[in-house]
Amino acid sequence: MDNARSPLFAAIDLGSNSFHMLVVREVQGSVQTLAKIKRKVRLASGLDDNLILSHEAMQRGWDCLSLFAERLQDIPPNNIRIVATAALRSAKNADVFIAKANQILGHPITVITGEQEACTIYQGVAHTSGGRGKRLVVDIGGASTEIIIGKGFEAAALTSLDMGCVTWLEKHFKDRSLTEASFQRAIDGAKDVLEPMVQQYKELGWEICVGASGTVQALQEIMVTQGMDETITLAKLHRLRKQAIGFGQVEELDIDGLTLERALVFPSGLSILIAIFEELDIESMTLAGGALREGLVYGMMDTMQQQDIRQRTIQSIQSRFQLDTTHADNVAQTALSLLAQCGEGWVKEPVAQTLLTAAAAFHEIGMTLGFKRDGEHAAYLLNHLDLPGFTLAQKQLLAELVRHYREQLVPINGQNALSSTSANRLLRLLRLAVILCHRREKAATPTFQLKAKDDVLTLSLENGWLKNNALMTNELTLEEQRQSDNYWPLTVIA
């Protein structure tokens, strides 16, 4: 495929709260976002008690679609998917809106069922979020909430519930007051909706939980701004509930890290999420990399079906930046061998091996911009590239690992993906692996043994190696000094 002229794909989601348009193209096995357009239409707020959609709400939708239509003109019709969700599923006069919307867009709109929406959301999560095993996916929309359990690209349970941040706003926060009572009404109401599916989901079980909604995005932004890590817990949700109550009214809501755009529906979305956490006994949740729109896009691309999302990302970045994959693989295998020799529990977090492998795969990416300050270049690139499968905190940690992979050693502080101790231990191993592989040939890598006792490392090389390899001896001697200067004793013997 000629990547310079690779075809464009567009996905449009006519949601109950916002209309979204995503335009992408495929580049070296990954999806490159070219445009994201979002408008707060709040279609669901235009539904009356008889489920009739107001003309004002329809006009807001048509005005938005007039903007989208311009961008669709240059995209092949077979590469366009347009779907409508809960508000237009419910509206008795949806045909009036859709008839004019089809004329505006010049392409047909499909009103998808709740189950189809849940399935597509799961595909978007599966294609953009890392982690193995069963995953629980939660997506709180404007008028519906989708909850899915699946593994890989296969969903095992799909549920679409008639509650969302817009409808819950009108039902439980109609007077816009933020009180213990209003929050409790909203939480209890959500629990009533959840009750029929709770037992089935608990029996199926899951290993990781991700959120794919604007509510979860808002929560992560708030937590990062307030100095918390990116993992959502029930304790943090109740802490934010108390913060919200302190403002008294929705219009006065000014939580540090909460954007004005999200403020109106934040209390209702937060209430629904608290109910889901409590009913399903969720311990923690992270933000998914994608949802409905990404599911639509990936569904149109036959070539994007690789099961290991992180590996697909690594291969794509290596290809785009023409990295030496043979050398990177050797550094990765050497680093993993060093980690294994340190013993189980030396780095406790299970994701550490994945992050060490990725850091080794990317460690020379900065050299594509220049050898001088290549670590700074690498950190910049990783912080700003899309890395499907890796969370924001994991991206930030990878950036710091490659920033300091050689020469001056600067400890990594304040990382949320791993503890500071674990992050710095990975950095030490990456640096050693790079030195051991500096001749860039697997056959030239020495046999080694590494012993660890807390932060004290002893690296033993095969007999006579240092004597016959003066450059590596010099580099390892410098590394001994650099690690020991940071109170991480390292001894190299042969």
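Every heavy atom of this structure was used, including side-chain atoms; hydrogens, water molecules and symmetry mates were not. Since we're looking at a predicted model, the values are computed, not measured.
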Are side-chain heavy atoms of Gln226 and Ile255 found at a separation under 4.5 Å? yes
Measure the shortest side-chain to side-chain distance between Leu296 and Ile12 over non-hydrogen atoms and say whether it is less than 4.5 angstrom. no
How about Leu273 and Leu219: do any of their side-chain heavy atoms sit closer than 4.5 Å? yes
Report the distance from atom CG of Leu466 to atom CG of Leu461, rounding to the nearest 0.5 Å. 5.0 Å
Compute whether any side-chain donor of one residue and acceptor of the other, for Glu230 and Thr391, lie under 3.5 angstrom apart. yes
Quick one: does any side-chain atom of Ser129 pair with a main-chain N or O of Gly289 as donor and acceptor, under 3.5 Å? yes
Distance only, no hydrogens: is a donor on one side chain within 3.5 Å (strictly under) of an acceptor on the other, for Glu221 and Gln217? yes
More than 12 heavy atoms of other residues, nucleotides or ligands under 6.0 Å from CZ of Arg81: is that the case? no
When you measure from the side chain of His377 to the backbone of Lys372, do you find a donor-acceptor pair of N or O atoms at a distance under 3.5 Å? yes
Is the His127 ring parallel, tilted or perpendicular to the Tyr298 ring (thresholds 30°, 60°)? parallel
If I compare all heavy atoms of Glu279 with all of Lys202, which pair ends up nearest, and what's the gap? O-CE, 3.1 Å
Is it true that atom OH of Tyr380 has more than 12 heavy atoms of other residues, nucleotides or ligands lying nearer than 6.0 Å? no
Kindly give the heavy-atom pair with the smallest separation between Tyr201 and Ile147, and that separation in Å. OH-O, 2.7 Å
Would you say Thr445's side chain and Cys437's backbone share a donor-acceptor pair under 3.5 angstrom? no
Near Gln116 CD, under 6.0 Å, is it more than 12 heavy atoms from other residues, nucleotides or ligands? yes
Carefully, step by step, assess Glu117 and Ser160 under the rule side-chain hydrogen bond (donor to acceptor under 3.5 Å, both in side chains). CA-CA 8 Å; Glu117 183 177 358; Ser160 181; 4.8 Å; no
For Leu204 against Ala157, the heavy-atom pair lying closest together: CD1-CB, 3.6 Å
How about Lys36: does its NZ atom have over 12 heavy atoms from other parts shown lying under 6.0 Å from it? no
Count the heavy atoms of every other residue, nucleotide or ligand shown that sit under 6.0 Å from CD of Glu115, and state whether that count exceeds 12. no
What's the spacing between Leu382 CG and Lys395 NZ if we round to 0.5 Å? 8.5 Å
With a 4.5 Å cut-off on side-chain heavy atoms, are Thr120 and Val83 touching? no
Could you walk me through whether Leu22 and Thr33 satisfy the side-chain contact (heavy atoms from CB on, under 4.5 Å) test, starting with their C-alpha distance in whole Å, then the side-chain angles of each, then the deciding distance to 0.1 Å, before giving a yes or no? CA-CA 7 Å; Leu22 175 66; Thr33 299; 3.8 Å; yes
Between His404 and Arg431, what is the shortest heavy-atom contact and its length? O-NH1, 2.8 Å
Quick check: do Ile37 and Phe68 have side-chain heavy atoms less than 4.5 Å from each other? yes
In plain terms, say whether Arg403 and Glu376 are close enough for a salt bridge, that is, a side-chain N and a carboxylate O under 4.0 Å apart. yes
Flag if over 12 foreign heavy atoms under 6.0 Å of CG, Asp454: no
Gln396 vs Leu392 side-chain heavy atoms within contact, under 4.5 Å: yes
Using a strict threshold of under 4.0 Å (side-chain N to carboxylate O), is an ion pair present between Arg406 and Asp374? yes
Got a second to check how far Leu136's CG is from Glu207's CD, nearest 0.5 Å? 12.0 Å
I would like to know whether Thr421 and Arg425 meet side-chain contact (heavy atoms from CB on, under 4.5 Å); could you show each step before the answer? CA-CA 6 Å; Thr421 297; Arg425 287 178 174 179; 3.6 Å; yes
Can you tell me if Thr145 uses its side chain to pair, donor with acceptor, with the backbone of Met163 under 3.5 Å? yes
When you measure from the side chain of Thr334 to the backbone N and O of Asn330, does any donor-acceptor pair fall under 3.5 Å? yes
Just verifying a value: how many Å separate Leu397 CG and Leu401 CG, rounded to the nearest 0.5 Å? 4.5 Å
So CG of Leu436 and CZ of Arg439: to nearest 0.5 Å the spacing works out to 12.5 Å
Kindly check if the number of other-residue, nucleotide or ligand heavy atoms within 6.0 Å of CG (Leu471) is above 12? yes
Using distance alone, with no hydrogens and no angle criterion, decide if Ser422 and Glu349 have a side-chain donor and acceptor under 3.5 Å apart. yes
Ignoring hydrogens and angles, tell me if any N or O in the side chain of Arg71 forms a donor-acceptor pair with the backbone of Ala10 under 3.5 Å. no
Any side-chain heavy-atom pair of Asp139 and Val216 under 4.5 Å: no
4.5 Å side-chain heavy-atom contact, Leu385 and Phe362: no
For a side-chain contact (heavy atoms from CB on, under 4.5 Å) check, start with the C-alpha distance between Leu369 and Leu381, then their side-chain angles and the critical distance, and finish with the verdict. CA-CA 10 Å; Leu369 299 183; Leu381 288 169; 4.2 Å; yes
Grab the two heavy atoms, one from Ala417 and one from Leu355, that are nearest each other, plus how far apart they are. CB-CD1, 4.5 Å
Derivation and outcome, side-chain contact (heavy atoms from CB on, under 4.5 Å), residues Leu258 and Leu240: CA-CA 11 Å; Leu258 178 64; Leu240 292 172; over 6 Å; no
Rounded to the nearest 0.5 Å, what separation is found between the CD atom of Gln483 and the CG atom of Asp455? 9.5 Å
Taking all atoms of both residues into account, what is the closest heavy-atom pair of Asn17 and Val265, and its distance? ND2-CG2, 4.1 Å
Does CG belonging to Asp281 count more than 12 external heavy atoms closer than 6.0 Å? yes
